[in-house]
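Structure first, commentary second.
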Amino acid sequence: MKRIYSLVFIFCVCFTVQSQLLDGQAQNFTRADTLRGSLRPERTSFDVLSYTLDIKLDPEKRYISGYNKIEFKVLKKTNTIQLDLFQNMKIDSIVYEDKLLEYKREENAVFISFEKALTSGALESLKFYYSGYPKVAKNAPWDGGFVFSQDAQGKPFIAVAVQGTGASLWYPNKDHQSDEPNSADIKVSVPNGLMNVSNGRLIGETPLDNGYTQWHWRVEHPINNYNITLNVADYAHFEDNYKDLSLDYYVLKENLEKAKDQFQQVKPMMDCFYEKFGEYPFQKDGFKLVETPYLGMEHQSAVAYGNGYQNGYLGTDMSGTGIGLKWDFIIIHESGHEWFGNSVSAADIADMWIHESFTAYSEAVFVECEFGKKEAVAYLYGLRKIIANDKPIIGKYGVNQEGSGDMYYKGANMLNTLRSVINNDTKWWKLLKGFHEKFKYQTIHSDDVINYYNEQTKLNLKPIFDQYLK
């Protein structure tokens, strides 16, 4: 295929690949930014243990209703906790021990008051009932919200993506990356003839009396709030296995044969990532690719796929080398997030480079596994032309601000530089795998990453990290 790369194309790709960046990196932060991004006493006083989300989705009205049961442990005596739900969504009631709780709303924050102080160490739960018309995305996944589309037969094809924007766009939760529930049950009722696919394992399919069917999925590993998802369509399902890992695929029926062919890339990807990063971190929940009406997202154990069953990034190669056209960008990149972003997570959105730099580097790791080191280095070098060098990669802490989109490919090239500094590939791969093993299922900060590499190499690598990130 003839490839013509112009500056316009390169800058467009540089913009669009930053698919989960917040709109408008404002420097004049507001009260809303602080309420969303900071760890206030109303948040640090409790630790979320689990969510049980039980909702009904009306595709025609684009309306959801139901509740989230939130189980939590009290860490410090408190009368008030903060949960989050977008202002356009209605709070129907908040119930604790069969009593209605009082609350007040400020921006997208909900401050809930208890008659008696919750005591440290206590295990508590409440049900947060809500309803409304969730925000519809104009261009998902670049802006957060629901996508209401149709398949070739005119049946509903619905999905949601909210990274950066916030999971509280569509369900009540403690919307801060530092606190992940240890488990989650996701129950979504949709009209008969449609299926909902969410994270984890399918527990049950229950016909209801109102022409709806409830689909119940369970997640048994810690999960980011923004990774909890729903995908609604008249899906076709096929399955496979990789070692002891189940592989499940949910695609539109008209794309079944294309999917069976394109998704053959999953097994060689797993071969590579198992070797370089370690075992798949969510064995209990399995691995899924789920077709969506938008490009893609790293929804944990239910990776969103919308790349049109073609290689490259929407059929293009961002590196300009031709190497990126040998594999499907969305399969490889979004699945790489299962190790970096979903398993090892940033505690503050300012450190999202931990998600994106390592995952962008995973693209080159896959290239090296499949085509050799020379090709991998050429791919990384080709990506340098879309580095903007516009502002620091690390954002501002406590105000829900991401840094530069350079967290993708400047970050990936930073890791390649570290590999050159260490100058021992056996040590390098051991370090990379060890990093994931040490921090899996944890939320961490930039300093945790830097300290790990310094301790393991006995080198002072902080100046390199600072130069690239700050």
Give the minimum heavy-atom separation between [X] and [Y], together with the two atoms involved.
X	Y	result
E97	E124	OE2-OE1, 4.5 Å
L194	P59	CD1-CG, 4.3 Å
S446	D351	OG-OD1, 2.5 Å
V147	A137	CG2-CB, 4.5 Å
G286	L245	CA-CD1, 4.0 Å
N68	P172	ND2-O, 2.7 Å

Has [X] got a side-chain atom pairing as donor or acceptor with [Y]'s backbone, closer than 3.5 angstrom?
X	Y	result
D143	N139	yes
Y309	F263	no
S131	S65	no
D348	G398	yes
K288	V197	no
S45	T78	no
R419	N424	no
D151	K155	yes
Y397	S38	no
D179	V48	yes

Pairwise distance [atom1]([X]) to [atom2]([Y]) - rounded to 0.5 angstrom:
X	Y	atom1	atom2	result
E402	I393	CD	CD1	12.0 Å
L83	D175	CG	CG	10.0 Å
N224	Q300	CG	CD	7.0 Å
N342	Y226	CG	OH	6.0 Å
D240	Q264	CG	CD	9.5 Å
R43	K174	CZ	NZ	7.5 Å

**Item:** Neighbour count above 12 (heavy atom, 6.0 Å) for D244 CG
**Value:** no

Any side-chain donor-acceptor pair under 3.5 Å between [X] and [Y]?
X	Y	result
E298	H355	no
N307	D328	yes
Q177	S345	no
Y468	D406	no
N173	N225	yes
W215	S189	no
K410	N413	no
S301	N199	no
E363	Y379	yes
H333	S362	no
E71	S50	yes
Q82	D84	yes
N231	N196	no

**Prompt:** Picking from H436, Q442, H337, what satisfies side chain to side chain donor-acceptor pair (under 3.5 Å) with S343?
**Reply:** H436

**Prompt:** Taking side chain as C-beta onward, heavy atoms only, is N311 less than 4.5 Å from F329?
**Reply:** no

**Item:** Within-4.5 Å side-chain heavy-atom neighbours: D92 and F128
**Value:** no

**Asked** Given N192 and T213, is the side-chain hydrogen bond (donor to acceptor under 3.5 Å, both in side chains) satisfied, shown in steps?
**Response** CA-CA 6 Å; N192 294 342; T213 299; 2.7 Å; yes

**Request:** Determine the interplanar angle of the Y453 and F465 rings, folded into 0 to 90°, and report it as parallel if under 30°, tilted if 30 to 60°, perpendicular if over 60°.
**Result:** tilted

**Prompt:** Once the angle between the rings of F238 and Y249 is folded into 0 to 90°, is it parallel (under 30°), tilted (30 to 60°) or perpendicular (over 60°)?
**Reply:** tilted

**Request:** Take Y63 and Y133 through the test ring-ring contact (aromatic ring centres under 6.0 Å, His included) and record every step on the way to the result.
**Result:** CA-CA 5 Å; Y63 185 83; Y133 302 90; 4.8 Å; yes

**Of all pairs that satisfy salt bridge (charged side-chain N to carboxylate O under 4.0 Å, His left out), the ones with a partner from residues 181-210, not counting sequence neighbours** = D185-R218

**Prompt:** Do D47 and K76 sit within salt-bridge range, that is, some charged N less than 4.0 Å from a carboxylate O?
**Reply:** no

**Request:** Show your working on side-chain hydrogen bond (donor to acceptor under 3.5 Å, both in side chains) between H299 and E334 and close with a plain yes or no.
**Result:** CA-CA 8 Å; H299 293 142; E334 303 301 353; over 6 Å; no

**Request:** Run the numbers on F282 and F287 for ring-ring contact (aromatic ring centres under 6.0 Å, His included), then give the verdict.
**Result:** CA-CA 8 Å; F282 307 112; F287 174 84; over 10 Å; no

**Fill in**
ring-ring contact (aromatic ring centres under 6.0 Å, His included) with F273: of W339, Y280, F340, only one passes, and it is W339

**ring-ring contact (aromatic ring centres under 6.0 Å, His included) evaluation trace for F277 with F435** = CA-CA 8 Å; F277 307 147; F435 171 70; over 10 Å; no

